Each structure stands twice: as C-alpha cells, then as structure tokens.
Amino acid sequence: QEVNKLTTNSNQTTTMGEAPPTDTTVNNYIAGQISPPASKDYLPIINPSTSLQIGKVALSSAQDVNTAVSAAQSAFSSWSSLTVKARAAYMLKFHALVRDNAHELAQLIVLENGKNITEALADVAKGNETVEYACSLPQLMQGKIDRVSGQVTCQDRRDALGVVASIVPFNFPFMVPFWTLPIALVTGNCIVLKPSEKVPLTMYKVIELFEKAGFPKGVINMVNGTKDCVEALIDHPNVKAVTFVGSSPVAKIVSDRCHSLNKRCTALGGAKNHLIALPDCDVEGTAQDVVVSYAGCAGQRCMAASVLLIVGDKEGAVQKSLLDRVIEKAAGIKAGTSAGQLGPVIDSQSMAKILSYIEQSEKDGAKILLDGRVWMKEMEGNKGNFIGPTVILHNNKTDKAMCEEIFGPVLSVYHVPTWQEAIEIENSNPFGNAAAVYTSNGGHAEWFMSRVRASMLGVNIGIPVPREPFSFGGLYGTRSKYGDMDITGDGAIEFFTNRIKITSKWPKPTVPEYVMGVQEDGAIMNGGTDHANFAGRM
C-alpha cells in the first residue's frame, strides 16, 4: 500500500526513546500516490542541531502543482457532496491517530526543527486541538432560516470553495498546517499543502495518518518546493483560495498576487510584540513568563516577546528586581532539545541575522546584559545553530533591535517613565500581532487593553495565543496581516466557505383555513400588507 512507502528508504520504525530515521526521501503526495517531482530534483533536509543532512525533499515545478490541483479538483465533487457530519467522521479518526502517534511526530519536529521535546509535543497537541474544533463543525456551521414576510422565506448555507492551497512556514511543523487543514477539509474543500522545505518530515508522516484515517484519494495532496511551487499554486485558476504564514514581505507579495487574480487570501506576516511591566506586577511570575515568551522555541514564533517595556523609575526596587530575575532565569537555560532546554535556530542564515542585530545594538550604544553569543564559544565543536538567550538594554527606542523583527531568542529592554510612553512605543510599530501587560490591578489592565494597537492581547500572559473556539490572526492594516479574515476558529469557517442566500416564495394555499385567516390577540395570521415586499409587484 502507498502508506507503507511513506516511511524511510529503509524499513526503520520509530518508538519513544529511539532516534527517528534520518535517510528519508520526501516526495510529493498526489491523488493517494507517492509522486517524485517531475524535475527529479531534490533539496537537502538539514538537522539544525548538527547541521548534518538527514534526508532530501522534492523540488516541485508548475507541472507537479498542475497534477496535484487536478487531483484535488477531481475529488471535490464527491467530497463536498458528503454531509458535514460524514466529513467530520474522517477527521475524528484522524484525531485519534495523531494522539496515538504524538511522540513520533514530536521526535520528527525535534529532528528537523530543533524544538525541545516539550515544545514539540505542545506543537502536536495544539494542532490536534484545531482538529477537535473541526470535528464540531456539524454543530457550528449550520445555516439560518427565517420567514421574513407573509409568503417569503430566507435561508443561508455554507458551500465549500473548491480547491484551496495552504503554504506554511518552518517554525511549527505540525501546528501551523493544522490551523487550516482540518477546517478547510470538514467544510468540504480539497486541499494542496505546501510545507516548508526546511521541515517536511513531520507532514510526510501526517500524510500517512490521513491515509490510515481513510480520507479519499485526491482530497489531501502535498507538493514540496520553493518559490516556483508557491507561485504556481497561487496562479492556478482552479485554486480558489490561498492561506500563507511567513515573513511580512512575503505575506504582502502573496496577498497582492492573489488579490490581483481576485482570489481569496489570508496571509499572516511577522510581529514585534511588546510586553509592558507595571510597578505593581508580580515580579517572579512576570520574569518567568517573559523568559518563556522570548526564549521559548528559540524565539522563532510570531507571538514571542520581543521588547520588554519596564514602566517607572529605572532605579526602583521592583524595576531592578524584575530585570535581574529575567537575566538570572534566562542565564540558567541550557542548550539542547531535552525538556526545558533551548534548541537551535533553523539555519545559518537565521543565525547570522540574529547576530547582526546584537552587534548593531552594541554599535548603537546599547548594553548587552546577557550575551547569547558565548554559546558559540562554549560549543565550538558543535556545528548546530545554537545561540543563547540574549538580553539587551537600550538607550534609544529607535534602535533596529527595538523596531524590527529578529526571530530569535533576543529580548530588548527599555525603561519608560509613563504608561503613555509605553503605549506610544507599542502603537507606533508597524506590526499588530500581540501585546501584553503585567499588573496586579484589573483597572490598570483594562486601561492598556483598550489602548494597545494589536489584535491578540494578554494580561499577565506573554504568549496570548487565542485557543479554540477563538480565532487567530493579526490586526488588519499592519504588517502582521494581509488579506481576508482570521486563519482559525469562526474566521476560518468564513474564509473556507461561500455563504449562499436563498429567498423563496410559494403560492398561497387555497385551503379554507388559510383563506379565512385566524385572528389571535388582535393579530391577523397570513394577513396584512408587507410594504417592504417587492416580490411579484411594481
């Protein structure tokens, strides 16, 4: 069976405690078949912890994309004709398979992405939470019906779009693809997934689980590759909608290209998230949360803390204690992929970018309070992309590291004397993903929550990711979000369907009971004149 070809070139299997296989060739998956790329070209898959090759991934062309879209289009009629309940039943089987294979999926994430094992298991669990939400769609996406006039009834329903494309990044190999896949499928669409070429192993295993769950051929397809593959997906006339998660410059390009074709698109970009610590914050809890927010997942997440604004007297006891505890906690983190450790960043290009921001901050007069570059010296024999937690104290709020997305374990700290200045710094940045305030006072929290300019806000939570049924997405009009609607929750239901409205009028019954009408409490049933009804008259 095809499912058996989805493992590795050898017959290795993976159990908890064993290293995942490292000689995988990741091909495309089209119409239920493993499909090598038409070009026969492949890219290396690199383990960021060692910089060693662990496999290779197909480099697909427009030809491969055409084949995948055709397969999805062929499957759409029968898949969309199923009831929502029937489609959700497939997803329910898949949910159980993910739960049963969570450890193997997590090990693959550790191998190809570099997350520690706790973060990798959370990546899987959070993605499977969206699967759970999709299983509830039979109760969530029913249409409405109402009698709006004497003989006129209006109703609506949600119809699937057709073939949709999902283009996903490297930073969450399981969770981010599952922001879109479950809801797109249960609402009746067929999908072509383009995983990140840097982390394709996880989704290759997931395809095996989709097969085991019994999804019909062509409903789920996967093509691998880079820019040419993405552009072919966007431009294909039978792809009705595109979702993208990645950097802001590319998100804008994707959105603009889709909208030039009058194609539905949601494209989520980067972020510059600010945490605001008030003098009445709980120092210990705030310090712990700030460190987890900025250093967890090596800082490679769009919801990570990037700037800590400490409000009040910089020589104040609370302010000094908070900064000291942040540094102490971050300095205690060790390199590695075991629980509680800090894994590598994804590749040498990311490493170089992060280092450039630290070096530029030094040139601009900032003080490096905790220097993650020491890891490079301490781990000189290790060729992985490890850089330790870094804390920079800035004197100038316009420093590059204060204003631009770094996407690494780097925290910029800046003292502000007033609440208003904290708001001005947060709201003047061009991004709009997340912001948080640390305080013990509800009134203080409400003041900030009503003024910060971001779409996902936290109170004493440094990673304020909305959980289902709430939807995920940045703020319109910022560099964090381009396109249409949110990417999860009810935003995704709206995105992946067309709302069809039906207005009906039937001839009046001729039975005596209707002609006579019935008088109840002074109201005449089936009678009266509806002046807003244009049906059948001028």
Side-chain angles (χ1 to χ4, degrees), residues 6 29 87-110 112-113 115 119-137 140 164-196 198-213 215 219-224 241-246 266-268 297 300-303 463 465-473 485-493 495-496:
L6 293 174
Y29 179 75
R87 295 191 296 262
Y90 285 95
M91 198 59 68
L92 192 60
K93 293 178 184 178
F94 176 78
H95 176 270
L97 289 166
V98 171
R99 184 188 59 223
D100 293 343
N101 289 271
H103 285 297
E104 183 176 353
L105 290 166
Q107 286 179 308
L108 289 170
I109 292 169
V110 172
E112 65 179 353
N113 174 273
K115 278 181 169 53
E119 294 166 341
L121 286 166
D123 187 340
V124 176
K126 184 62 182 72
N128 214 21
E129 190 173 83
T130 312
V131 175
E132 293 173 10
Y133 177 79
C135 291
S136 67
L137 287 182
L140 295 176
V164 298
S166 180
I167 303 160
V168 297
F170 72 84
N171 58 330
F172 285 89
F174 187 92
M175 182 187 77
V176 174
F178 279 85
W179 281 351
T180 56
L181 282 171
I183 299 172
L185 291 168
V186 178
T187 53
N189 301 281
C190 295
I191 199 159
V192 180
L193 171 70
K194 209 297 286 183
S196 169
K198 297 176 183 179
V199 293
L201 297 173
T202 303
M203 292 311 297
Y204 207 46
K205 174 64 181 179
V206 165
I207 290 296
E208 177 183 320
L209 302 184
F210 273 127
E211 278 211 343
K212 286 183 177 179
F215 279 82
V219 170
I220 303 154
N221 305 273
M222 184 175 78
V223 291
N224 297 280
V242 175
T243 66
F244 172 87
V245 180
T266 185
L268 303 186
C297 297
Q300 297 176 127
R301 52 187 171 193
C302 64
M303 294 294 285
I463 313 169
V465 175
R467 303 281 292 271
E468 274 67 28
F470 300 96
S471 59
F472 184 100
M485 289 163 275
D486 284 343
I487 204 167
T488 63
D490 55 3
I493 297 174
F495 181 85
F496 286 115

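Being a predicted model, the structure only gives us computed values, none of them experimental. Numbers here are sequence positions counted from 1.
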Taking the side chain from [X] and the backbone from [Y], do they hold a donor-acceptor pair closer than 3.5 Å?
X	Y	result
Q300	N171	no
N189	V164	no
T266	T243	no

Inset, instruction - Before giving the answer on side-chain contact (heavy atoms from CB on, under 4.5 Å), spell out for M222 and V192 the whole-Å C-alpha distance, their side-chain angles and the decisive distance to 0.1 Å. - result: CA-CA 5 Å; M222 184 175 78; V192 180; over 6 Å; no
Legend entry - Criterion side-chain contact (heavy atoms from CB on, under 4.5 Å) on L108 and F174, from CA distance to verdict: CA-CA 10 Å; L108 289 170; F174 187 92; over 6 Å; no
Inset, instruction - Could you pull out all residues at least two apart from A492 that satisfy side-chain contact (heavy atoms from CB on, under 4.5 Å)? - result: I183, F496
If I take atom [atom1] from residue [X] and atom [atom2] from residue [Y], how far apart are they, to the nearest 0.5 angstrom?
X	Y	atom1	atom2	result
T187	F495	OG1	CZ	10.5 Å
T202	M175	OG1	CE	13.0 Å
L140	C135	CG	SG	11.0 Å
N221	F210	CG	CZ	11.0 Å
K205	L105	NZ	CG	7.0 Å
I220	I207	CD1	CD1	6.0 Å

Can you list the residues that meet the salt bridge (charged side-chain N to carboxylate O under 4.0 Å, His left out) rule with [X], with sequence neighbours excluded?
X	answer
E468	K126
D486	K481
K115	none

Legend entry - Pairs meeting criterion salt bridge (charged side-chain N to carboxylate O under 4.0 Å, His left out) with involvement of residues 170-194, two or more places apart: K194-E197
Donor-acceptor pairs under 3.5 angstrom involving side-chain atoms of residues 91-102: please list them, not counting sequence neighbours.
{"unit_1": "H95", "atom_1": "NE2", "unit_2": "N128", "atom_2": "ND2", "d": "3.4"}
{"unit_1": "H95", "atom_1": "NE2", "unit_2": "E132", "atom_2": "OE2", "d": "3.0"}
{"unit_1": "N101", "atom_1": "ND2", "unit_2": "L97", "atom_2": "O", "d": "2.8"}

For [X] versus [Y], what's the shortest heavy-atom pair and its separation?
X	Y	value
F178	G127	CB-O, 3.7 Å
F472	V465	CD1-CG1, 4.0 Å
M485	G491	CB-O, 3.9 Å
P195	V223	CD-O, 3.4 Å
I463	M303	CG2-CB, 3.9 Å
P169	V199	O-CG2, 4.2 Å

Inset, instruction - Would you sort out whether E208 and V206 count as a side-chain contact (heavy atoms from CB on, under 4.5 Å), showing the intermediate values? - result: CA-CA 5 Å; E208 177 183 320; V206 165; over 6 Å; no
Legend entry - Residue pair W179, L268: steps toward the side-chain contact (heavy atoms from CB on, under 4.5 Å) verdict: CA-CA 12 Å; W179 281 351; L268 303 186; 4.2 Å; yes
Inset, instruction - State plainly whether the residues R467 and E129 are in salt-bridge range, i.e. N to O under 4.0 Å. - result: yes
Below 4.5 Å, heavy atoms only, C-beta onward: do [X] and [Y] meet side chain to side chain?
X	Y	result
L181	M203	yes
V186	Y90	no
Y133	P469	yes
I191	S166	yes

